[in-house]
Amino acid sequence: MNVCVIGTGYVGLVTGACLADIGNKVICIDIDKEKINKLKKGVIPIYEPGLGQLVKDNMKKKRLSFSTSLEEGVGKSTVIFIAVGTPPKDNGEADLTYVENVAREIARCMTSYRLIVEKSTVPVETGEWVKHTVKINNRRKVAFDVASNPEFLREGSAIGDFMRPDRIVIGVESKKARELLTELYKPLSALMVVTDIKSAEIIKHASNSFLATKISFINAVSNICEKTGADVQKVAEGMGLDRRIGNSFLNAGAGFGGFCFPKDLAAFIRISSKLGYNFGLLEEVEKINEDQKRILVSKIENSLWIVKGKTIGVLGIAFKPNTDDIRFAPSLDIIEALLKGGAKIRAFDPQAMSKAKKVIKGIKFCKDPYEAAKGSDCLVIVTEWNEFRDLNLKKIKKLLRQPLIVDGRNIYDPAAMKKLGFKYVCMGRSNS
Ligand code: NAD
């Protein structure tokens with residue numbers, strides 16, 4: 001099938017490369033010329049395991065190409081995915097400007113039937129607006145369908161998630177749209193949920209909001225554990241073994257971030273309120289998440305007594321391991337609060353350094369965790385990269401000014417840390 005993906009970011013590039021890999025002819029479009037020029041040379045602008053090879057292989061086989069011309073993409077393809085950003089406005093509402101722009105341009109370029117698919121995460125009823133926008137700009141009166149096909153991939157394991165999804169959600173209004181999308185995804189042999197467009201849009205917002213709720217729930221429980229001497233990891237284990245609950249997303253810590261949970265939660269709250277329903281439960285989920293970052297900062301303050309003038313090593317800037325994405329990362333708020341308190345920061349992340357250097361000013365970026373620890377009064381774990389689990393802690397202890405680790409992700413064993421001579425402060429477990 002001939003496919004066009006508009007927006008070549010984390011979702012668009014993975015979608016394009018994977019659809020090409022299962023045998024389609026895919027053209028990926030972006031307005032960012034620099035990004036497209038890099039991609040044409042086989043240079044991947046983001047860190048995502050396995051993506052570079054997949055892109056190169058499919059370019060070589062002439063199944064994957066890149067362009068800045070939306071007209072070219074729409075001209076060559078029957079199925080057109082919209083995968084542009086839907087960032088939050090100041091009030092939390094999803095900013096759908098990019099989606100509208102793309103819908104208008106697609107309408108102007110169409111010369112024969114096109115299936116326009118929302119891949120971006122959008123609030124319910126966006127499909128109606130996309131249809132309206134295409135209709136009023138469709139001067140040639142070309143037949144078209146709109147569909148919703150939300151994406152559930154996770155950065156860091158995006159290719160596996162796309163190729164082996166738990167389910168594929170397809171929101172359609174016509175037999176033709178349904179047939180085209182089920183045919184497109186057939187090689188994945190995945191379970192498909194076929195529904196109307198509005199239900200598909202809500203499935204995405206509800207899923208992300210539910211997962212965020214699970215995280216905030218265990219974070220709230222961790223605060224009770226801490227006050228009583230219970231261990232939140234044991235509590236999570238005991239809860240998670242119940243199949244009705246499940247053990248994923250039950251890791252207590254310094255809160256969630258990234259380009260999905262915070263903004264999708266906020267957008268779901270906003271659209272609910274616009275529709276006349278106050279989703280107070282989700283407002284509390286947001287509040288708990290904000291509190292967790294402040295709790296980590298208080299733990300650092302309480303452990304150091306005076307923060308002003310102290311040096312703090314920060315390990316992890318990306319919003320989670322295995323990505324270079326720092327959008328809405330907890331590290332940004334935590335570093336800002338520490339800088340405000342007068343601390344000096346020495347930070348390291350295995351993949352996010354170049355993105356972080358563009359956004360965070362006034363801190364020292366280090367070449368590895370050991371350089372971050374050197375001369376620091378405290379080492380703070382903000383992202384649970386695997387390489388931080390394997391640090392030479394004896395060496396770290398020697399490099400630190402005092403043996404103090406504040407662990408916002410609970411990656412070490414408190415008893416082992418005590419044995420090594422650290423003061424170890426963690427989340428929802430007794431500290432050493
Ligand atoms: P991104 O910012 O990485 O990529 C968006 C791309 O769209 C950018 O490269 C931008 O230049 C391009 N773009 C903007 N306007 C354009 C236009 N008019 N024409 C062509 N290109 C244009 O964003 P992302 O992380 O890939 O997210 C895209 C959507 O997918 C969002 O709605 C997001 O919520 C959703 N989503 C993201 C993830 C994730 O893990 N990142 C997962 C599931 C869903």
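Order of appearance sets the numbers: ligands from 1, and atoms from 1 within every ligand. By convention here, the first residue in the shown sequence is residue 1.
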Participant: Once you restrict to heavy atoms under 4.0 Å, what part of Asn101 touches ligand 1? Side chain, backbone, both or neither.
Facilitator: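 Neither; nothing of Asn101 gets under 4.0 Å from ligand 1.
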
Participant: Give the atoms of ligand 1, by number and element, whose distance to some non-hydrogen atom of Gly7 is under 4.0 Å.
Facilitator: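 With Gly7 as reference, the close atoms of ligand 1 come out as 6 (C), 7 (O), 12 (C), 21 (N).
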
Participant: Any side-chain donor-acceptor pair under 3.5 Å between Asn2 and Thr78?
Facilitator: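 Result is no, nothing qualifies.
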
Participant: Could you check atom 36 (N) of ligand 1 against the protein and tell me its nearest heavy-atom contact, residue, atom and distance included?
Facilitator: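 Among all protein heavy atoms, the one nearest atom 36 (N) of ligand 1 is Val11 CG2, 3.4 Å.
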
Participant: May I ask you to check whether over 12 heavy atoms, not counting those of Tyr185, lie within 6.0 Å of atom OH?
Facilitator: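 Yes, the 6.0 Å shell around OH holds more than 12 heavy atoms from other groups.
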
Participant: Relative to atom 24 (P) of ligand 1, which among Phe261, Tyr10, Phe152, Phe319 owns the nearest non-hydrogen atom?
Facilitator: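 That would be Tyr10.
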
Participant: At less than 4.0 angstrom from any non-hydrogen atom of Cys260, what atoms of ligand 1 do you find?
Facilitator: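 Reading through ligand 1 atom by atom, the close ones are 37 (C), 38 (C), 39 (C), 40 (O), 42 (C).
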
Participant: Hey, what's the ring geometry for Phe249 with Phe261, parallel, tilted or perpendicular (30° and 60° as the breaks)?
Facilitator: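 Because their plane-to-plane angle lies in the 30° to 60° range, the rings of Phe249 and Phe261 count as tilted.
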
Participant: Is it true that the NZ or CZ of Arg167 lies under 6.0 Å from the centre of Phe152's six-membered ring and within 45 degrees of the ring axis?
Facilitator: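 Yes.
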
Participant: Which heavy atom of the protein is the closest neighbour of atom 15 (N) of ligand 1, given with residue, atom name and distance?
Facilitator: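 Among all protein heavy atoms, the one nearest atom 15 (N) of ligand 1 is Ile31 CD1, 3.5 Å.
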
Participant: Any idea which atoms of ligand 1 are less than 4.0 Å away from a heavy-atom of Lys204?
Facilitator: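 Selected atoms, number and element: 43 (C).
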
Participant: Rounded at 0.5 Å granularity, tell me how far CD in Glu100 sits from CZ in Arg104.
Facilitator: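 It comes to 4.5 Å.
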
Participant: Any heavy atom of Arg154 sitting closer than 4.0 Å to ligand 1?
Facilitator: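 No, that is not the case, since the closest heavy atom of the residue is not under 4.0 Å from the ligand.
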
Participant: Which residue supplies the protein heavy atom nearest to atom 8 (C) of ligand 1, what is that atom called, and how far is it?
Facilitator: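 Among all protein heavy atoms, the one nearest atom 8 (C) of ligand 1 is Asp30 OD2, 3.4 Å.
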
Participant: With rounding to the nearest 0.5 Å, note down the distance linking CD1 in Ile29 to CD1 in Ile36.
Facilitator: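 These two atoms lie 7.0 Å from each other.
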
Participant: Could you measure the distance from the CD1 atom of Ile106 to the CG atom of Asn138? Nearest 0.5 Å is fine.
Facilitator: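 If we round to the nearest 0.5 Å, Ile106:CD1 and Asn138:CG are 11.5 Å apart.
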
Participant: For atom 31 (C) of ligand 1, find the nearest protein heavy atom and state the residue, atom name and distance (0.1 Å precision).
Facilitator: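 Of the protein heavy atoms, Thr86 OG1, 3.5 Å lies nearest.
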
Participant: Applying side chain to side chain donor-acceptor pair (under 3.5 Å), run through Gln53 and Asp57 and close with a yes or a no.
Facilitator: CA-CA 6 Å; Gln53 199 54 49; Asp57 287 351; 3.1 Å; yes

Participant: In ligand 1, which numbered atoms sit nearer than 4.0 Å to a non-hydrogen atom of Lys263?
Facilitator: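 Under 4.0 Å from Lys263, ligand 1 has these atoms: 33 (C), 34 (O).
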
Participant: What is the nearest protein non-hydrogen atom to atom 13 (N) of ligand 1, stated with its residue, atom name and distance?
Facilitator: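 That would be Val84 CG1, 3.7 Å.
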
Participant: Go through the steps to decide whether Ser216 and Asn289 satisfy the test side chain to side chain donor-acceptor pair (under 3.5 Å), and finish with yes or no.
Facilitator: CA-CA 6 Å; Ser216 278; Asn289 197 52; 4.7 Å; no

Participant: With backbone taken as N, CA, C and O and side chain as the heavy atoms from C-beta onward, which portion of Tyr98 lies under 4.0 Å from ligand 1: side chain, backbone, both, or neither?
Facilitator: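 For Tyr98, only side-chain atoms sit under 4.0 Å from ligand 1.
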
Participant: Any idea which part of Ala83 is under 4.0 Å from ligand 1, heavy-atom wise: side chain, backbone, both or neither?
Facilitator: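 It is the backbone that gets close, since no side chain atom is under 4.0 Å.
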
Participant: If the cut-off is 4.0 Å to any non-hydrogen atom of Ser120, which atoms of ligand 1 fall inside it?
Facilitator: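 Those atoms are 29 (C), 30 (O), 32 (O).
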
Participant: Atom SG in Cys426, atom CZ in Arg409: separation rounded to 0.5 Å?
Facilitator: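 Answer rounded to 0.5 Å: 13.5 Å.
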
Participant: Could you give me the CA-CA distance, side-chain angles and deciding distance for Ser199 and Asp196, then say whether side chain to side chain donor-acceptor pair (under 3.5 Å) is met?
Facilitator: CA-CA 6 Å; Ser199 301; Asp196 60 284; 2.6 Å; yes

Participant: Could you tell me, atom by atom, which parts of ligand 1 come under 4.0 Å of a heavy atom of Arg327?
Facilitator: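 Every atom of ligand 1 under 4.0 Å from some heavy atom of Arg327: 1 (P), 2 (O), 3 (O), 23 (O), 25 (O).
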
Participant: Is Lys263 close enough and on-axis enough to Phe259, meaning under 6.0 Å and within 45°, for cation-pi?
Facilitator: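 Relative to the ring axis of Phe259, which defines the angle, Lys263 lies inside both limits.
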
Participant: Provide the number and element of each atom of ligand 1 under 4.0 Å from a heavy atom of Glu155.
Facilitator: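 What qualifies from ligand 1 is 39 (C), 40 (O), 41 (N).
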
Participant: Is it the side chain (CB and beyond), the backbone, both or neither of Val102 that lies under 4.0 Å from ligand 1, heavy atoms counted?
Facilitator: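 It is the side chain that gets close, since no backbone atom is under 4.0 Å.
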
Participant: Nearest protein heavy atom to atom 43 (C) of ligand 1, by residue and atom, and its distance?
Facilitator: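 Residue, atom and distance for the closest contact: Glu151 O, 3.3 Å.
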
Participant: Give the numbers and elements of all ligand 1 atoms closer than 4.0 Å to a heavy atom of Lys35.
Facilitator: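 Once the distances to Lys35 are compared, the set is 8 (C), 9 (O).
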
Participant: Report the nearest protein non-hydrogen atom to atom 5 (C) of ligand 1: residue, atom name, distance rounded to 0.1 Å.
Facilitator: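 Nearest neighbour among protein heavy atoms for atom 5 (C) of ligand 1, to 0.1 Å: Gly85 N, 3.6 Å.
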
Participant: Checking a contact table here: which protein heavy atom is nearest atom 44 (C) of ligand 1, and how many Å away?
Facilitator: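 Answer for atom 44 (C) of ligand 1: Thr121 OG1, 3.4 Å.
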
Participant: On the ring face of Tyr113, is Lys176 found with NZ or CZ under 6.0 Å from the centre and within 45° of the axis?
Facilitator: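 Judged by the rule, Lys176 and Tyr113 form a cation-pi pair.
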
Participant: Under 4.0 Å, heavy atoms only, figure out whether ligand 1 is touched by the backbone of Glu105, its side chain, both or neither.
Facilitator: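 Contact part for Glu105 vs ligand 1: neither.
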
Participant: Would you call the rings of Phe348 and Phe388 parallel, tilted or perpendicular, taking 30° and 60° as the class edges?
Facilitator: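 Because their plane-to-plane angle is over 60°, the rings of Phe348 and Phe388 count as perpendicular.
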
